[in-house]
Amino acid sequence: MDEKTIHRINELARKSKTIGLSEKEKMEQARLRREYIACIRMNLRSQLDNIDIQEKDGTITNLGEKYGRKETH
């Protein structure tokens, strides 16, 4: 997500608290929030998929391979 989009989200949030939003702005705010949340989830999933843990027996398990990434070929 780029800085321009984040700036617009913050701008709409400030305007919502002060003078309120038009219906068009409310729809834009909801759309931008959905995009922001989807981006955050995608980034978090990517980070979690790249975590390796060492099991008690000494083996290394990648959590993305065990629980997350569903790669289709």
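Start at 1 with the first residue, then count along the sequence.
Side chain of Glu25 to main chain of Ser22: a donor-acceptor pair is present (N/O by atom type, distance under 3.5 Å, no hydrogens or angles). Under a 3.5 Å cut-off, the side chain of Thr18 and the backbone N or O of Arg14 do form a donor-acceptor pair.
Using a 4.5 Å cut-off between side-chain heavy atoms of Ile, Leu, Val, Met, Phe, Trp and Tyr, with links allowed through other members, Ile53 and Leu44 fall into the same hydrophobic cluster. Cluster membership check: Ile40 does not share its hydrophobic cluster with Ile51, using side-chain heavy-atom separations under 4.5 Å among Ile, Leu, Val, Met, Phe, Trp and Tyr.
Other cluster members for Ile37: none, since no ILVMFWY side-chain heavy atom sits under 4.5 Å from it. Think of Met27 as one node in a network of Ile, Leu, Val, Met, Phe, Trp and Tyr side chains linked at under 4.5 Å; it has no links at all.
Between Leu21 and Gln29 there is a side-chain heavy-atom pair separated by less than 4.5 Å. Residues Thr59 and Gln54 have side chains not in contact (no heavy-atom distance under 4.5 Å, counting atoms from C-beta outward). Using a 4.5 Å heavy-atom cutoff, the side chains of Asp52 and Thr61 are not in contact. Within the 4.5 Å cutoff, side-chain heavy atoms of Cys39 are placed close to those of Asn43.
Interatomic distance, Glu28 CD to Leu32 CG, rounded to the nearest 0.5 Å: 5.0 Å. Separation of atoms NZ (Lys4) and CD (Glu11) is listed at 11.0 Å; rounding is to 0.5 Å. Separation of atoms CG (Asn50) and CZ (Arg45) is listed at 11.0 Å; rounding is to 0.5 Å.
Counting only N and O atoms by type, the side chains of Ser46 and Asp49 include no donor and acceptor under 3.5 Å apart.
Taking a 6.0 Å sphere around CZ of Arg33, one finds it holds 12 or fewer heavy atoms contributed by other residues, nucleotides or ligands. Within 6.0 Å of atom CD in Glu55, more than 12 heavy atoms from other residues, nucleotides or ligands are found, so the atom counts as buried in its surroundings.
Salt bridge Arg31/Glu35: present, at least one basic N to carboxylate O contact under 4.0 Å.
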